[in-house]
Amino acid sequence: MSTPEVTGMTGTKPSSRVQVRQNRDFMADPLSLLARRLSPAFAAVAGGEVDPVVRPSEHADAQVNGALALAKKLGKQPREVVAQVLDIAGDMSDMCTDLQVAGPGFVNVVFAEKFLAEQVHVAMASEALGVAAAPVKRKYVVDYSAPNVAKEMHVGHLRSTIIGDALVRMLTFVGHIVVRENHIGDWGTPFGMLIEHLVDLGEADAAHELGVGDLDGFYKEARRKFEADDVFKERARARVVALQGGDPDTLRLWKTLVNESTKYFNHVYGLLDVLLTDDDLAGESKYNTLLPQVVDRLAKLGMLVESDGAEVVFPAGFTNREGDPLPLIIRKGDGGYNYATTDLACVIDRVENIGAEASLYVVGAPQAQHLQMIESVSRTAGWLSDDADMVHVAFGSVLGADRKMLKSRSGDAVKLASLLEEAVDRANRAITEKNPEMADDQRAQVAKMIGIGAVKYSDLSSDRVKDYVFDWDRMLSFEGNTAPYLQYAHARICSIFRRAGVERESVRHVVPTLDAPQERSLALRLLQFDAAVWDAIDKYSPHRLCTYLYDLASDFTSFYEHCPVLRAESDSMRNSRLFLCDSTARVMNAGLAVLGIRSPEMM
RNA sequence: GCCCCUGUAGCUCAGUUGGAUAGAGCAACGGACUUCUAAUCCGUUUGUCGCAGGUUCGAUUCCUGCCGGGGGCGCCA
């Protein structure tokens, strides 16, 4: 079977979600278990495989809607179909206490407490907390972050880096093999002026300037001289030629720029707490030697066309302003290559050298057409086979309070490093206010987790394709769908165990009792972690997991208010509740972890 | 001009591929702390789902056409 995919960039419809679910070995999700249980009965009535359409319900734990569509198909009354299905299904009392037919033919399902208790016990005994492993392990390449050498990282890189990191962690969590690729911009004509500026400053001073993170100052000064000074401009041009010609001294200077910049990137990645390392660097320069091969191979396939002095490919279905075919430029009129060629070389490298079965491009939404063209050419050329996925994980812009693109006071892009420092600083102030007793060194640690977590979560928690408004007060609030609220739930649980003097592990053998409605809701929620993770993966949409974790935190705090743990009426009730606490903390911790967010034990 | 994304409560956002009376948070109002961390909880109030058609038992969801916002459309990446 092929792994689920979002709509491919060529617009091919993905296999239906229902098939995906049936083929996947869900371990915990009660809705899936119910669907699987009812499936034979539906098949018997329908005379073939049919989706029972089990959905969450406001009126019960779940509702089964499959009879409505089936009734129409069979020309029967929905309620008659329901009766037949339930008759064939037989005794379901081990799973649900109540099966009520409602409205035109919905079946409301209330799960048996014993069933939920057993299920949550089993799910929480597993390393993955009930989350099913990928039935087929695939090799994914995830392309994200991609800052430019000698240029400041800004909010655009923030989204790509955060979303990419979360996807990498989610895919890894379910057992896929994930290759991270950070396509830093380390090649091209700007490097002529950058190297000459480096020479002017002296290598040591320039390295220092870049090393302390004044990348924008460096870049702007280089550009200013390039535009104002004809002699400098000529030097820059000559330097580009020397760079492309492989002049050793030029390459050494170039390498200095790259090294100092990557040091700085690593500093930012450290602040951001993401997985990227130097091993993941796949700069544009890496693909240089492959570029002539791209041209050759396209030429041999007869795809290459000469147009206005450039060598181009016309992928089918793309037109320009005038309605004429739109080219993908492979080699420019001056003989140079551009990023389309690099992207194609990259596709070849992934398929033929890395063995990638799926490529994710965590790139801003404006690149949609470019990536569609890359995919189209790659498929036509036969580099991407039909079962190889190429997905544009697109995202929108970060907006300021004025609903315009987020800018600093001076009108420049906001420096990512200073933004992250401000986040930690604000978190630190909040903790100081709310929990003054906390020791300084501990507060510093926790402030990082909360500040960075808040920035990440606010980025991840809404639909990535939409723009989102950056708002310090909202993201650092402890109310509503925010990282601190989720982290607080986790910290409170840790506090309970500290106070109880009980080891977390010691309650993991417990089968809970779920008498109180809050206990029951919490257990049911814990079982849905499985579905939530997979839902997020299926759509490459981390916000789906965020919504789940928020619901989990809400259910927990409600439980916390209504169900005393340490002062429980009996030891068995206390143990049962300790089990629910521990389970909640583990799911919260794991869920936040796959989003790239830490769970403090105290805050 | 063509193409892509987007439009849901005063604000910020969900809405599980077509299901029941569209949900959260913030804001507003009313309650609950000698606490297992009140950084919280409980309750009340909030809608022409941009507009108009169509498809059908049923549409925020699918189709068509408009309107508003953002973006893209040949040698920058």
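If you're wondering where the values come from, they're calculated on a predicted model, not measured in any experiment. A note on names: the letters A, B, ... follow the listed sequences, proteins ahead of strands, and every chain is numbered from 1.
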Engineer: Going by number, which of residues 446-456 of chain A have a non-hydrogen atom under 4.0 Å from RNA chain B?
Structural biologist: none

Engineer: Using the salt bridge (Lys or Arg N to Asp or Glu O under 4.0 Å) criterion, which residues pair with A:R504? Sequence neighbours excluded.
Structural biologist: A:D582

Engineer: For A:R499 and A:S554, take the nucleotide of RNA chain B holding the closest heavy atom to each; which residue's nucleotide lies nearer the 5' end?
Structural biologist: A:R499

Engineer: OP1, OP2 of B:A39 versus side-chain N and O of A:R492: anything below 4.0 Å?
Structural biologist: no

Engineer: For a quick test of reading the model: is some side-chain N or O of A:Y560 closer than 4.0 Å to OP1 or OP2 of B:A39?
Structural biologist: no

Engineer: Stem finding on RNA chain B, please: runs of three or more consecutive Watson-Crick or G-U wobble pairs, both distances under 3.5 Å, sorted by first number.
Structural biologist: B:1-7 with B:67-73, B:10-13 with B:23-26, B:28-32 with B:40-44, B:50-54 with B:62-66

Engineer: side-chain contact (heavy atoms from CB on, under 4.5 Å) with A:A299: which residues, sequence neighbours excluded?
Structural biologist: A:L304

Engineer: Would you list the atom pairs, donor with acceptor, under 3.5 Å between side chains in residues 64-79 of chain A and any protein atom, with sequence neighbours excluded?
Structural biologist:
{"unit_1": "A:N65", "atom_1": "OD1", "unit_2": "A:Q63", "atom_2": "NE2", "d": "3.2"}
{"unit_1": "A:R79", "atom_1": "NE", "unit_2": "A:G103", "atom_2": "O", "d": "3.2"}
{"unit_1": "A:R79", "atom_1": "NH2", "unit_2": "A:G103", "atom_2": "O", "d": "3.0"}

Engineer: A:Y488 vs A:Y485, test: ring-ring contact (aromatic ring centres under 6.0 Å, His included). Steps then yes/no.
Structural biologist: CA-CA 5 Å; A:Y488 182 53; A:Y485 179 75; 7.7 Å; no

Engineer: Give me, pair by pair, the N or O atoms of the protein and of nucleotides 19-23 of chain B that are less than 3.5 Å apart, along with how far apart they are.
Structural biologist:
{"unit_1": "B:G19", "atom_1": "O2'", "unit_2": "A:Q63", "atom_2": "NE2", "d": "3.1"}
{"unit_1": "B:A20", "atom_1": "N7", "unit_2": "A:Q63", "atom_2": "OE1", "d": "2.9"}
{"unit_1": "B:A20", "atom_1": "N7", "unit_2": "A:Q63", "atom_2": "NE2", "d": "3.4"}
{"unit_1": "B:A20", "atom_1": "N6", "unit_2": "A:Q63", "atom_2": "OE1", "d": "3.2"}
{"unit_1": "B:A20", "atom_1": "N6", "unit_2": "A:N108", "atom_2": "OD1", "d": "2.2"}
{"unit_1": "B:A20", "atom_1": "N6", "unit_2": "A:N108", "atom_2": "ND2", "d": "3.4"}
{"unit_1": "B:G23", "atom_1": "OP1", "unit_2": "A:E58", "atom_2": "OE1", "d": "3.4"}

Engineer: For atom C1', what is the distance between B:G68 and B:U44, given to the nearest Å?
Structural biologist: 35 Å

Engineer: Among A:F497, A:Y560, A:F559, which one satisfies side chain to side chain contact (heavy atoms under 4.5 Å, CB included) with A:V565?
Structural biologist: A:F559

Engineer: Using the P atoms only, state how far B:G15 lies from B:C62, rounded to an integer number of Å.
Structural biologist: 13 Å

Engineer: How would you list, by chain and number, every residue that makes a salt bridge (Lys or Arg N to Asp or Glu O under 4.0 Å) with A:E601, sequence neighbours excluded?
Structural biologist: none

Engineer: Across the strands shown, which category fits A:D471 at heavy-atom distances under 4.0 angstrom: base, sugar-phosphate, nothing?
Structural biologist: nothing

Engineer: Show me the protein contacts with nucleotides 8-11 of chain B, counting only N or O atoms at under 3.5 Å.
Structural biologist:
none

Engineer: Taking only Lys NZ, Arg NE, NH1 and NH2, and the carboxylate oxygens of Asp or Glu, determine whether A:R223 and A:E227 approach each other closer than 4.0 Å.
Structural biologist: yes

Engineer: Output every pair passing salt bridge (charged side-chain N to carboxylate O under 4.0 Å, His left out) with a member in residues 541-560 of chain A, not counting sequence neighbours, ordered by first then second residue.
Structural biologist: A:R525-A:D551, A:R525-A:D555, A:D535-A:R544

Engineer: Taking the minimum atom-to-atom distance to the side chain of A:T557, which one of B:U40, B:U37, B:U6 wins?
Structural biologist: B:U40

Engineer: Is there any side chain to side chain donor-acceptor pair (under 3.5 Å) pair reaching into residues 318-327 of chain A, and which pairs are they, with sequence neighbours excluded?
Structural biologist: none

Engineer: Applying a 4.0 Å non-hydrogen cut-off, can you work out what A:V565 is touching in the nucleic acid: base, sugar-phosphate, or nothing?
Structural biologist: base

Engineer: Using the side-chain heavy atoms of A:S462, tell me which of these nucleotides is nearest: B:A14, B:A39, B:C36.
Structural biologist: B:A14

Engineer: Please list, for nucleotides 27-34 of chain B, all pairs of protein and nucleotide N/O atoms separated by less than 3.5 Å.
Structural biologist:
none

Engineer: Check every strand shown and say whether A:C563 touches a base, only sugar-phosphate, or nothing at a heavy-atom separation below 4.0 Å.
Structural biologist: base

Engineer: How far does the P atom of B:C33 sit from the matching atom of B:A39, given to the nearest Å?
Structural biologist: 15 Å

Engineer: Figure out the CZ/C1' separation between A:F559 and B:C36, and round it to whole Å.
Structural biologist: 10 Å

Engineer: Heavy atoms under 4.0 Å is the rule here; annotate nucleotides 72-77 of chain B 5' to 3' with B where the base is hit, S where only the sugar-phosphate is, and - elsewhere.
Structural biologist: SBBBSB

